Amino acid sequence: MEPKYIFVTGGVTSSLGKGIICSSLGLLLATRGLRVTIQKLDPYINVDPGTMNPYEHGEVYVTEDGAETDLDLGHYERFLGIPTSQVNNVTTGRIYYDVITKERQGAYLGQTVQVIPHITDEIKSKVKAIGESGKYDIIIVEIGGTVGDIEGLPYIEAMRQLRYDVGKLNTLSVHLTLVPYLKAAGELKTKPTQHSVKTIYELGLQPDILVCRAELPLDQSIRRKIAQFCNVDNEDVIASLDAKSIYEVPLLMKKEGLDKRVIKKLHIRAGKPELTNWIRFVHAVTYPDYQIRIALVGKYVDHQDAYLSIVESFKQAGAVNNCEVDIVWVSSDHLCEDNVAEQLGGVSGILVAPGFGGRGINGKLSAVTFAREKGIPFLGICLGMQCAVIEFARNVCGLADANSTEFESETGNPIVDLMLEQKTIEDKGGTMRLGSYNCTITAGSVTEKAYGETKIRERHRHRYEINNRFRDQLEENGMRVTGVNPERDLVEIVEVTGHPWYVGVQFHPELKSTVQKPHPLFVSFVEAAYKYASERDQVRTLIPADQKTLV
Ligand code: GLN
């Protein structure tokens with residue numbers, strides 16, 4: 001079958017959940033036996049989001065091949081369970097970078113290089129390259145931003161042209177819009193949708209299906225009105241109501257018939273969707289029997305998108321353990337030795353988050369000391385692991401001035417230091433140790449028990465590493481190095497002997513946790529936290545079984 005392209009645009013406002021709709025549609029099509037991938041086109045001028053701070057952009061999602069990408073790619077992977085790569089995220093910066101590089105090389109043979117056709121051609125070639133790889137039946141193309149934005153125009157134009165290039169039957173345009181409820185009028189209003197559709201029509205891209213975000217159900221008369229004014233069939237007006245969790249959205253979309261309409265319009269032959277496991281998972285996430293509290297200590301607790309994959313990993317690991325993880329957000333900026341007992345007293349697990357720079361480090365160190373001394377299950381990720389090692393060096397090995405050269409370049413005991421190859425790097429974008437690397441785990445360690453294997457691959461994003469010069473000293477004092485990158489002998493995992501569950505990892509397990517395969521470290525961490533909680537009467541029982549209703 002020729003690859004089919006589904007363009008997904010958004011109208012009226014941002015934050016309608018385009019990424020979740022794309023992931024949900026992708027999942028529904030994939031469970032029908034189709035080979036699906038999702039590509040995100042981002043209209044900003046950064047070459048990738050790697051240089052943006054978390055307030056601007058939320059989490060930077062790193063793919064297997066080391067691309068720093070939009071957090072929506074995390075949703076794609078969590079829903080579909082298949083890895084994305086560099087080609088799945090394209091930005092305006094990347095497009096211009098490639099076009100200008102070609103221009104400098106003389107590739108345009110004397111032409112004037114322009115938005116149309118050169119920029120639009122470059123966009124199309126990046127979309128078509130996925131289709132031409134032969135790996136997918138369906139490519140869902142999510143266009144970032146809102147229809148009408150100046151910076152989005154070349155993308156819409158490129159999609160308009162693509163419809164002709166690959167044939168109309170091979171493309172579909174889905175528009176996500178908002179149908180707001182006006183309390184004073186007591187009505188759902190269709191006008192913003194009409195205007196949004198009008199705008200996209202003016203740009204030459206007619207929507208085939210409208211997905212309407214609404215707070216109240218759309219009755220038949222509203223659906224008819226939208227259909228009539230927006231030139232689609234009644235069945236192509238799909239309601240997308242608020243869901244209990246993002247994982248319920250595929251089920252709501254199926255009820256509305258989104259995948260059925262897509263298949264019909266694209267003339268695809270596909271099997272029936274097989275959602276048994278997904279439904280089981282949604283049920284486990286929505287109606288867990290128990291609840292435990294785990295602290296997430298980080299700098300961006302007021303901007304939780306910065307830790308999106310960690311939050312989702314906890315949901316998935318919670319479902320496996322039949323408990324909801326209630327995340328207690330603890331700002332590392334405000335945490336210190338004097339208030340740590342008060343702030344972390346009632347939690348059953350402590351996660352110290354990844355991050356960059358010296359702000360909040362003392363708070364993170366206080367959290368590590370508390371977890372280590374009180375025997376509270378502890379997971380340190382990337383910077384969190386580096387903090388764990390600094391804390392251990394200072395308070396157990398007696399190296400009072402141990403530090404990372406990231407925060408104190410002249411420290412006497414650089415227990416965390418810049419990686420060798422990083423020392424000559426000056427550019428900031430795309431130059432960290434990025435992507436998937438091998439790790440060999442020590443047999444008999446807590447981590448090996450969690451993974452059930454000794455050879456793993458995990459994703460990285462860092463410049464600093466544990467300084468091998470101090471390894472023996474750490475080991476002698478009870479901090480074991482239980483995971484090592486075999487090619488370069490880099491410390492990837494540490495554990496503390498005698499502690500019930502204390503693991504620091506240089507990589508990001510949260511980036512590989514999916515619904516189909518919740519990450520073993522998170523599953524094991526939540527299990528340990530649950531055990532800790534039940535021994536101390538810290539487990540909350542939630543809804544009694546007879547009050548659960550199936551989704
Ligand atoms: N700032 C640390 C480093 O670059 C940790 C990075 C992270 O937590 N992702 O090594």
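Quick caveat, the model's predicted, so the values are computed rather than measured. Numbering of ligands and ligand atoms starts at 1, following listing order.
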Check step by step if salt bridge (charged side-chain N to carboxylate O under 4.0 Å, His left out) holds for D333 and K364.
CA-CA 8 Å; D333 287 342; K364 289 185 173 175; over 6 Å; no
For residues 375-402, which residue pairs pass the side chain to side chain donor-acceptor pair (under 3.5 Å) check, not counting sequence neighbours?
T369-E391, R372-E391, Q386-Q506, E391-N395, D401-N413
E487 and N438 side chains, donor-acceptor separation under 3.5 Å
yes
Can you list, by chain and residue number, every protein residue with a non-hydrogen atom closer than 4.0 Å to ligand 1?
P354, G355, F356, C382, L383, Q386, E406, R461, H462, R463, Y464, H508
Measure centre to centre between the rings of F79 and W278, then say whether the value is under 6.0 Å.
yes
Determine, for Y96 and R94, whether the Lys NZ or Arg CZ falls below 6.0 Å from the six-membered ring centre while staying within 45 degrees of the axis.
no
H460 and R433 side chains, donor-acceptor separation under 3.5 Å
yes
